[in-house]
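Supplied in structure tokens, the structure appears directly below.
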There are 4 protein chains.
Amino acid sequence: MSEVDEWLAELIKMNDDAEKMTHKQIKIVQAAVEVFSSKGFAGSSTSEIAQKAGVAEGTIFRHYKTKKELLLSIVAPIMTRLITPFALKDFVKVLEADYPEVEDFLRAVIHNRMNFAQKNLSVIKILLHEIPFHPELQQQFKEIVAKQVLLRATKIVKHFQVQGKMIELPTETAIRFIASSAIGLILIRLLFLPEADWNDEQEIEYTIDFIMHGLAPRG
Amino acid sequence: MSEVDEWLAELIKMNDDAEKMTHKQIKIVQAAVEVFSSKGFAGSSTSEIAQKAGVAEGTIFRHYKTKKELLLSIVAPIMTRLITPFALKDFVKVLEADYPEVEDFLRAVIHNRMNFAQKNLSVIKILLHEIPFHPELQQQFKEIVAKQVLLRATKIVKHFQVQGKMIELPTETAIRFIASSAIGLILIRLLFLPEADWNDEQEIEYTIDFIMHGLAPRG
Amino acid sequence: MSEVDEWLAELIKMNDDAEKMTHKQIKIVQAAVEVFSSKGFAGSSTSEIAQKAGVAEGTIFRHYKTKKELLLSIVAPIMTRLITPFALKDFVKVLEADYPEVEDFLRAVIHNRMNFAQKNLSVIKILLHEIPFHPELQQQFKEIVAKQVLLRATKIVKHFQVQGKMIELPTETAIRFIASSAIGLILIRLLFLPEADWNDEQEIEYTIDFIMHGLAPRG
Amino acid sequence: MSEVDEWLAELIKMNDDAEKMTHKQIKIVQAAVEVFSSKGFAGSSTSEIAQKAGVAEGTIFRHYKTKKELLLSIVAPIMTRLITPFALKDFVKVLEADYPEVEDFLRAVIHNRMNFAQKNLSVIKILLHEIPFHPELQQQFKEIVAKQVLLRATKIVKHFQVQGKMIELPTETAIRFIASSAIGLILIRLLFLPEADWNDEQEIEYTIDFIMHGLAPRG
DNA sequence: TATGAATGAGGTTTCATTCAT
DNA sequence: CATGAATGAAACCTCATTCAT
């Protein structure tokens, strides 16, 4: 598969700081992602995961107290990285006029997130499905979105509005338009029609153009 | 709950044509929707459904051979109605110039679908969650979208493009923009932030305006 | 099927004396025999019987208090007729020298029982399978065999032994030989190899000949 | 019980080659045979088996995927041993004139099979009852009987016929007589009248004598 | 650390039987 | 007499989790 297990490398690195992940543990996590993402968490059995990982069922529970802990150990870390860092550096750049134009900023963000989604597709699928059923995840999600994303996005939108480069809409509405268009592109591209042959660059440019005109100051 | 069980009335009417649904059967379907939509299909137990329906567990299986058949009996009918009829009458009206302007058409569609989604929220939730795990549903979904939606939407988009009222984008791309914006609105409004106090009319107008300018012929 | 439902005619006649069997009741009994004989009593469900009989499930229980009563109502009557009457008239004939030779008697009995078995095959199958699990049936079986069959058979065997036409073996042993040979023929013919093309007359003669020489007074 | 669990020893030995049977697994098989043979397969419940085995019900399904697999694991192996080996060594001996007389051969076979049946009584009961309901078993049975038994028996019968020691009957018919007489003895002795006090040696001799005279060349 | 047999609670499904219509 | 919806006990089976090795 072309999907690079970026999330796995990340996971290993993180745990590495604490205690090394054993070879078997890595196999378990890989198998779990495979099974969870194709059958859903509730529809998966630890025995199938164990089998696919080439590991005894007991071994799973040596590393994770419960099946749910296994899920969270996979899904929680990705959440931060899914939403947050879309602008760790970029964010600053915008305000510091490294991105003088809205579209340069959009281009950077969309490229970055599309890339990220591609590399973490199966874990993201799991996340999307499980969020509604796990209050912990919802909680975490809301906090991150609120504190990290909305806060920053608001600043950026207002920044451009003040410069007269964006229409004077309620900020949340403007963010909604940008997000729908960008996320819409990514979901259709990666989830719904991954088979179609896409000209990614082209579609991204169209999307940016659509957003730009949609949000251009009326005149 | 403020959600009106439109889907239930519809279900009863449909089955009525064949054989009357018993009172208990209706209770079962209601309970199933409640439980499925809050715990997911795989996470729900027939015993909980039975209990909530005030029915013996065996009764469920008199009416539905399997738990999955119960799911499909609920979810399959809504799918057609979710996607298809967004333009049964409207569609004709557009081409017959009852909607002389794009925005009139958009307004009608968005209102209609928002309304529909509101009245069928829990069943739609179930549908969204289960589609990835049930090939039958995927199949049905794809067929309906391809044959009913894309076909019609394409005609409409081209219709407006020919009239010079819409930018010359690839049709799929144009449809993607409209769909993302409209569906984005509906999902955020009903699923993600149902608590917030919304001025629906206002947001719909913003959204139409956004789409209109995003797709306006470039001058 | 070539199997004539002799047992059914008999059943109807018997019940007729008491209360008429309704049309539906007859269908139930027919269906029950079909299902019981192909899946065994415990492996059959009243719902399958009802369906095959074209009758509501409740109807079965209107006529038979329990599933087991349905079984017994079918199987008990046949038992008497399976074992007993092999010599009601013939028996007398033997002793009254209507059958001057052993072999004439054997020929009559084997023909008669083979015929009977053929006409009641499926009910006999049921009987054979269920006897071990139903003490009532065992009881009935033992009584009939002891009182009707052994008693008479003993008399006949001794009759021929006294005449010097049969070897002086313990009577039970002699009866065992006759029974094994005759029953062996019938079972193989009807149960194990019903497909093979048999020359029944020929095989019966062989069998009689085998018994006759096996039991001939040693000289 | 006086019945020695020869079949169990055999089962354990067989499975041992692959993977050791656990203590609990042995208890399960023992309990299953007990329950199956007294209530029939369909009439037995896994919960009763578990209870009698002193094991959790789930444990049964760790070792056998289904109740039926448990049945087959018990019954299939005995079938081969029930029918086949009645003449593995004896067969050769006959043709090599170690058994110069028919009766010596018969004596050996009957003794051997009676012994075998006695040691495997309950499993044989199960086998007899379940064969009609399980096509796999029928299939296996027919193959073994056809390839192993009939083939050899035919050779032996012809061998003696050529020597002028046996009447010129169709081979199948001759085999049928021998089989009915021998199997008749064994079934009555062990299944129908196990309580009676038998002089086994005596009855076997009678039986051999009966067969010998029944099949003696007519003269 | 890793195993996999064992558990028992709970899941889905079947089924004989009852009862209102 | 006949129906078939409803029942609830019990059937078969699954599964997360524990624990002795």
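Numbers restart at 1 for each chain; the letters A, B, ... are given by sequence-line order, proteins then strands. What you see below is based on every heavy atom in this structure, not just the backbone, and it leaves out hydrogens, waters and symmetry mates.
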Just the table, please: protein N/O against nucleotides 17-21 of chain E N/O, every pair under 3.5 Å.
residue : atom : partner  : partner atom : Å
dT17(E) : OP2  : Lys67(C) : N            : 2.7

For this session: Check each of Ile74(C), Val35(C), Leu8(C), Ile49(C) against Gln30(C) using the side chain to side chain contact (heavy atoms under 4.5 Å, CB included) test, and report the only one that passes.
Result: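 Exactly one option meets the side chain to side chain contact (heavy atoms under 4.5 Å, CB included) with Gln30(C), and it is Leu8(C).
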For this session: Starting at atom CD of Glu48(B), determine the distance to atom C1' of dT12(E), rounded to an integer number of angstrom.
Result: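 In whole Å, dT12(E) C1' and Glu48(B) CD are 15 Å from each other.
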For this session: Using the closest heavy atom to pick a nucleotide of DNA chain F for each, name whichever of Ala42(D) or Lys24(B) lands nearer the 5' end.
Result: Lys24(B)
Exercise. How long is the line joining CG of Leu70(B) and P of dG11(E), in whole Å?
Worked result: 16 Å
Problem set entry | Closest listed nucleotide, where the reference is the side chain of Ser45(A) and the choices are dA2(F), dT7(F), dA16(F) |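 Among dA2(F), dT7(F), dA16(F), the one nearest the side chain of Ser45(A) is dA16(F).
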Problem set entry | Minimum-distance pair of heavy atoms, taken over all atoms of Val29(C) and Met21(C) |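 For Val29(C) versus Met21(C), the nearest heavy atoms are CG2-CE, 3.8 Å.
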Exercise. Any side-chain N or O of Ser47(A) less than 4.0 Å from the OP1 or OP2 oxygen of dC15(F)?
Worked result: no
Exercise. What pairs with Gln51(C) under side-chain hydrogen bond (donor to acceptor under 3.5 Å, both in side chains), at least two apart in sequence or on another chain?
Worked result: none
Exercise. Going by number, which of residues 25-35 of chain A have a non-hydrogen atom under 4.0 Å from DNA chain F?
Worked result: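 The answer is none.
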For this session: Measure from CD1 on Ile60(A) to P on dT1(E) and round the result to the nearest Å.
Result: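 Interatomic distance, CD1 of Ile60(A) to P of dT1(E): 16 Å.
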For this session: Mind checking side-chain hydrogen bond (donor to acceptor under 3.5 Å, both in side chains) for Thr46(D) and listing every partner two or more places apart, or none if nothing turns up?
Result: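 Expected list: Glu57(D).
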Exercise. Counting only heavy atoms not in Phe141(D), do more than 12 fall under 6.0 Å of its CZ?
Worked result: no
Exercise. Expressed in angstrom and rounded to an integer, what is the separation of Gln51(B) atom CD from dT7(F) atom C1'?
Worked result: 16 Å
Exercise. Is Thr22(B) touching bases, backbone alone, or none of the nucleic acid, heavy atoms closer than 4.0 Å?
Worked result: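 Sugar-phosphate, backbone atoms only, no base.
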Problem set entry | Closest to side chain of His63(B), choosing from dA6(F), dA2(E), dC12(F) | dA6(F)
Exercise. Excluding sequence neighbours, so at least two apart, what forms side-chain hydrogen bond (donor to acceptor under 3.5 Å, both in side chains) with Glu136(D)?
Worked result: Lys68(D)
Problem set entry | Ile28(B): which of Val33(B), Leu70(B), Thr22(B) passes side chain to side chain contact (heavy atoms under 4.5 Å, CB included) |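 Single side chain to side chain contact (heavy atoms under 4.5 Å, CB included) partner of Ile28(B) among Val33(B), Leu70(B), Thr22(B): Leu70(B).
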For this session: By nearest nucleotide on DNA chain E, pick out whichever of Val55(A) and Ala56(D) is the more 5' one.
Result: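 Taking each residue's closest nucleotide, the earlier one in sequence belongs to Val55(A).
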Exercise. Under the 3.5 angstrom rule, does the side chain of Gln138(B) hit a backbone N or O of Pro132(B) as a donor-acceptor pair?
Worked result: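 Looks like yes, one N/O pair under 3.5 Å.
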Problem set entry | For atom CE of Met21(B) and atom C1' of dG4(F), their distance in whole Å |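 So the two atoms are 17 Å apart, to the nearest Å.
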Exercise. Within the distance-only criterion (no hydrogens, no angle test), does the side chain of Thr59(D) pair as donor or acceptor with the backbone N or O of Val55(D) below 3.5 angstrom?
Worked result: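 No; judged by distance alone, with no hydrogens or angles, the pair does not exist.
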For this session: For the residue pair Ile12(C) and Trp7(C), establish whether any side-chain heavy-atom pair is separated by less than 4.5 Å.
Result: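 Ile12(C) does not reach Trp7(C) side chain to side chain.
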For this session: To the nearest Å, give me how far apart NZ (Lys39(A)) and C1' (dC15(F)) are.
Result: 13 Å
Problem set entry | Stems involving DNA chain F, each a run of at least 3 consecutive Watson-Crick or G-U pairs under 3.5 Å | E:2-21 with F:2-21
Exercise. Does the gap between the ring centers of His129(D) and Phe133(C) come in under 6.0 Å?
Worked result: yes
Exercise. DNA chain E: His23(A) or Phe41(B), which has the more 5' nearest nucleotide?
Worked result: His23(A)
Seminar exercise, completed: Tyr64(C) atom OH is separated from dC1(F) atom P, nearest whole Å, by 12 Å
For this session: Can you label the angle between the His134(B) ring and the Phe41(B) ring as parallel, tilted or perpendicular, going by 30° and 60°?
Result: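 If you compare the ring of His134(B) with that of Phe41(B), the planes turn out perpendicular.
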